[in-house]
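Notes follow once the structure below has been shown.
Just so it is clear, the model here is predicted, and its values are computed rather than measured.
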Amino acid sequence: MNIDKPNVFEEDDNVLLHTALFKQVSPVEAEELLPALSQATYGKGETIFEEGDTDHRMYLLERGRVKLVRHAIDRRVQLLSIHAPGEVLGEIPVFDPSGGPRTASAVAMRQGTRVVWLEHDALFAWLDQHPRVAIDMLQVLANRMRANNERISDLVFMDVPARLAKTLLNLGARFGEPVEQGLKVPHDLTQEEMAQLVGSSRETVNKALMDFANRGWIAREGRSIIIYEPGKLIRRSRR
């Protein structure tokens with residue numbers, strides 16, 4: 001991990017300017033926060049913050065990809081979510097009056113993953129000057145809550161193939177790259193992590209993936225999936 005202090009937004013389309021924290025303010029107003037920002041770059045597999053930590057930092061993902069995981073007492077690991085550049089990470093302790101502890105660990109999925117972070121006091125002092133940004137942060141929290149509620153409902157009401165279809169469509173919408181054959185989705189997940197994201201066993205998810213491939217809806221290519229028939233996946237996710 002390398003840590004430094006960013007001192008300039010390098011270009012107008014810097015991803016930080018498009019996060020919920022900055023999208024309603026001008027670059028000049030955003031730069032008021034620069035003295036309070038710290039920046040760090042992580043290698044693949046390095047931990048950004050850990051479950052149980054009691055810090056008061058909020059992170060912004062500038063480059064790379066990050067997964068949030070939880071660990072059970074028996075050392076099993078549950079993959080909760082995957083995050084892309086421009087997204088906020090670890091916001092719960094910042095807005096929780098008790099300040100923590102963190103409910104999950106954040107792990108870099110790609111070499112050169114870069115984040116910036118803000119301490120609670122600096123963020124709230126800035127929000128006092130730009131209160132409309134707080135509304136955007138509430139929207140982020142509301143979206144997270146909605147996504148968590150939907151995930152719980154899916155686990156209760158949907159079978160594994162339906163959840164898998166929905167997961168593939170979500171990954172495709174967020175990370176998909178158009179190719180001649182269809183939509184290539186570089187998910188960077190092991191078979192076990194894909195199963196965790198779907199909420200089932202590796203064997204059951206692999207069986208569903210094979211079924212989708214045999215039907216011609218997808219193709220598996222290492223840690224990527226090519227989606228040939230998104231419409232078929234949409235219909236399967238609704239059954």
Would you say that [X] contacts [Y] through its side chain, given a criterion of any heavy-atom pair below 4.5 Å between the two side chains?
X: Val185; Y: Ile226; answer: no
X: Val77; Y: Arg70; answer: no
X: Arg114; Y: Gln39; answer: yes
X: His71; Y: Glu51; answer: yes
X: Leu169; Y: Ser237; answer: yes
X: Ile227; Y: Leu233; answer: yes
X: Arg223; Y: Thr190; answer: yes
X: Thr41; Y: Arg63; answer: yes

- Message: Between Arg146 and Asn143, do the side chains contain a donor N or O and an acceptor N or O under 3.5 Å apart?
- Response: yes
With rounding to the nearest 0.5 angstrom, report the [atom1] to [atom2] distance, [X] to [Y].
X: Met158; Y: Ser153; atom1: CE; atom2: OG; answer: 10.0 Å
X: Met194; Y: Leu79; atom1: CE; atom2: CG; answer: 9.5 Å
X: Leu189; Y: Arg65; atom1: CG; atom2: CZ; answer: 8.0 Å
X: Glu150; Y: Leu155; atom1: CD; atom2: CG; answer: 11.0 Å
X: Leu209; Y: Ile225; atom1: CG; atom2: CD1; answer: 5.0 Å
X: Gln129; Y: Leu127; atom1: CD; atom2: CG; answer: 10.0 Å

Of all heavy-atom pairs between [X] and [Y], which one has the smallest distance, and what is that distance?
X: Tyr42; Y: Thr47; result: CE2-O, 3.5 Å
X: Pro178; Y: Leu183; result: N-CD1, 3.8 Å
X: Phe175; Y: Pro186; result: O-CD, 3.4 Å
X: Gly64; Y: Pro85; result: O-CD, 3.1 Å
X: Lys44; Y: Gln111; result: N-OE1, 3.0 Å
X: Arg144; Y: Val88; result: NH2-O, 2.5 Å

Can you list the residues that meet the side chain to side chain donor-acceptor pair (under 3.5 Å) rule with [X], with sequence neighbours excluded?
X: Arg110; result: Asp188
X: Arg163; result: none
X: Asp74; result: Arg76

- Query: Is the ring centre of Phe212 less than 6.0 Å from the ring centre of Trp217?
  - Reply: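 Aromatic pair counts; centres sit under 6.0 Å.
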Listing, residues 197-207 side-chain donor-acceptor contacts under 3.5 Å, not counting sequence neighbours, or none:
residue	atom	partner	partner atom	Å
Ser201	OG	Thr204	N	3.2
Ser201	OG	Thr204	OG1	2.8
Asn206	OD1	Arg220	NH2	3.2
Asn206	ND2	Gln191	OE1	3.3
Asn206	ND2	Arg202	O	3.4

Any link between [X] and [Y] through a network of hydrophobic side chains (Ile, Leu, Val, Met, Phe, Trp, Tyr) touching at under 4.5 Å?
X: Met109; Y: Leu89; answer: no
X: Tyr228; Y: Leu164; answer: no
X: Ile92; Y: Trp117; answer: no
X: Ile234; Y: Ile218; answer: yes

- Message: Given 3.5 Å as the limit, does a donor-acceptor pair link the side chain of Asp55 with the main chain of Arg57, or not?
- Response: yes
- So, Gln78 side chain and Gln196 main chain: donor-acceptor pair closer than 3.5 Å or not? yes
With a 4.0 Å cut-off on N to O distance, would you call [X] and [Y] a salt bridge?
X: Arg215; Y: Glu229; answer: no
X: Glu177; Y: Lys184; answer: no
X: Glu193; Y: Lys67; answer: yes
X: Asp159; Y: Arg236; answer: yes

- Task: Please lay out, stage by stage, how Glu46 and Val107 fare under the test side-chain contact (heavy atoms from CB on, under 4.5 Å).
- Result: CA-CA 6 Å; Glu46 288 192 298; Val107 181; over 6 Å; no
- Query: Other hydrophobic cluster members with Ile73, side-chain heavy atoms of Ile/Leu/Val/Met/Phe/Trp/Tyr under 4.5 Å, chained?
  - Reply: none
- Item | Residue pairs involving residues 127-170 (criterion ring-ring contact (aromatic ring centres under 6.0 Å, His included); sequence neighbours excluded) | Trp126-His130
- Show your reasoning for whether side-chain contact (heavy atoms from CB on, under 4.5 Å) applies to Phe49 and Val115. CA-CA 11 Å; Phe49 57 78; Val115 299; over 6 Å; no
- Query: Do Leu171 and Ile82 pass the side-chain contact (heavy atoms from CB on, under 4.5 Å) test, and can you show the C-alpha distance, the side-chain angles, and the key distance before you say yes or no?
  - Reply: CA-CA 9 Å; Leu171 293 173; Ile82 299 173; 4.1 Å; yes
- Task: Fit a plane to each ring of His120 and His56, take the angle between them on a 0 to 90° scale, and name the class: parallel (under 30°), tilted (30 to 60°) or perpendicular (over 60°).
- Result: perpendicular
